[in-house]
Amino acid sequence: MVRKNGGRTMAASNGAVSGSQTLARGLSALKLIGEASTSLTVSELGAALGIHRSMAYRLVRTLEEHGFVTRTASGALELGVQLASLARNVARDLQAAAAPALAAVANELGMTAFLVGYDGEAAVTLSTAEPDGPDATVAQRPGSRHAIDRGAPGRVIRSQLDPVSHPPKAFELSHDEIIAGLSSVAVPLRTHDRRPASLAVVYITRERDLDAIARCLTAAAARVERALG
């Protein structure tokens, strides 16, 4: 039986609630997968979401079908390429202005350079550049997210959001915070609309001239700021 409730049927109301709950779970799943320090399995994702494993499997299958999640051969969950595609459409003007500077930094330092923005909750990699040549570099995937109190670019953004509690530094440095064995250096990027942002590099941890890296990044950030006008 369908009962009326304030001009709407209860069935319609319940359907809307159910749909919103499913969407919320899907978005929460993407955040959990993207922010996890180690790869999650479907069972671990279900436990984190507080849902039964069978429901977690259905949720993951749906996300897989749309390219938002992939499963490795071992069953670990990773964010899919569709998120990277969406990230390319975020802050297009900023990404376009940063692209030449990222490429120059990557080639000068021989490291992966990347642009990081803020989505209201976390630091998000918007675009990356890898150096030319055959040497192996560290990949940094667009769409990757991490908390703003972890990692060099995250802390740069945190200082932009709350400079009183977290006074800005010339550059931030992190070791083994996001991925074991990797280090990062990041500097602030001041956009014309005051969106929190950072330019950074990531590299396999070993002794480096941090001041030289920071100078290169700072000069690149200045070029991006001029390009933005």
Side-chain angles (χ1 to χ4, degrees), residues 17-91 95 102 111-130 136-155 157-158 174-184 186 196-198 200-205:
V17 171
S18 175
S20 298
Q21 186 179 57
T22 301
L23 175 60
R25 281 178 178 157
L27 295 173
S28 295
L30 292 175
K31 289 174 63 178
L32 286 168
I33 295 168
E35 295 175 358
S37 57
T38 58
S39 297
L40 298 175
T41 64
V42 175
S43 296
E44 290 168 339
L45 178 65
L49 290 170
I51 60 178
H52 191 271
R53 185 171 60 180
S54 62
M55 185 178 294
Y57 272 101
R58 289 197 297 272
L59 180 62
V60 168
R61 280 201 301 270
T62 300
L63 293 172
E64 283 183 301
E65 289 171 1
H66 290 82
F68 292 113
V69 169
T70 61
R71 268 185 281 188
T72 67
S74 64
L77 300 175
E78 296 182 347
L79 295 179
V81 295
Q82 184 62 31
L83 283 176
S85 177
L86 292 177
R88 287 195 294 269
N89 291 324
V90 175
Q95 292 193 63
L102 289 177
M111 303 173 182
T112 299
F114 56 108
L115 168 67
V116 180
Y118 180 62
D119 70 355
E121 293 184 354
V124 183
T125 298
L126 298 177
S127 56
T128 67
E130 296 184 9
T137 55
V138 179
Q140 179 73 11
R141 184 169 53 190
S144 300
R145 306 172 76 251
H146 61 83
I148 60 172
D149 59 354
R150 297 179 62 231
R155 285 195 291 274
I157 288 174
R158 183 181 65 178
S174 64
H175 296 298
D176 305 323
E177 287 189 59
I178 307 301
I179 300 176
L182 299 184
S183 295
S184 180
S198 172
V201 291
V202 62
Y203 56 93
I204 297 172
T205 299

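Excluded from the calculations below are hydrogen atoms, water molecules and symmetry mates; all remaining heavy atoms, backbone and side chain alike, are included.
Applying the side-chain contact (heavy atoms from CB on, under 4.5 Å) rule to L30 yields the partners L63, F68, V69, L79, L83; only residues at least two apart in sequence or on another chain are considered. With sequence neighbours excluded, no residue satisfies side-chain contact (heavy atoms from CB on, under 4.5 Å) with T38. For S43, the side-chain contact (heavy atoms from CB on, under 4.5 Å) partners are T41, R53, not counting sequence neighbours. Residues meeting the side-chain hydrogen bond (donor to acceptor under 3.5 Å, both in side chains) test with S183, sequence neighbours left out: H175, T205. Applying the salt bridge (charged side-chain N to carboxylate O under 4.0 Å, His left out) rule to E78 yields no partners; only residues at least two apart in sequence or on another chain are considered. For L32, the side-chain contact (heavy atoms from CB on, under 4.5 Å) test picks out L40, L45, A48, L49, with sequence neighbours left out.
Rounding to the nearest 0.5 angstrom, the gap separating the OG1 atom in T125 from the CZ atom in F114 is 5.5 Å. One finds the OG atom of S198 at 13.0 Å from the CZ atom of R158 (value rounded to the nearest 0.5 Å). Considering CD1 of I204 and CD1 of I179, their distance stands at 11.0 Å, rounded to 0.5 Å. Atom OG of S54 and atom CG of L59 lie 11.5 Å apart (nearest 0.5 Å). Note that CZ of R155 is 8.5 Å distant from CG of D149, once rounded to the nearest 0.5 Å. Of the inter-residue distances, the one linking R145 atom CZ with I178 atom CD1 reads 12.0 Å to the nearest 0.5 angstrom.
In this structure, the side chains of E177 and H146 stay at 4.5 Å or more apart for every pair of heavy atoms. Between S127 and L102 the shortest side-chain heavy-atom distance falls below 4.5 Å. In this structure, the side chains of R71 and R61 come closer than 4.5 Å at one or more pairs of heavy atoms. Using a 4.5 Å cut-off on side-chain heavy atoms (C-beta onward), V116 and V124 make no contact.
Looking only at distances, a side-chain donor or acceptor of S184 sits under 3.5 Å from a matching main-chain atom of V201. Panel note: side chain S174, backbone G151; no donor-acceptor pair is recorded below 3.5 Å.
Across I157 and P196, no two heavy atoms sit closer than the pair CG2-CB, 3.8 Å.
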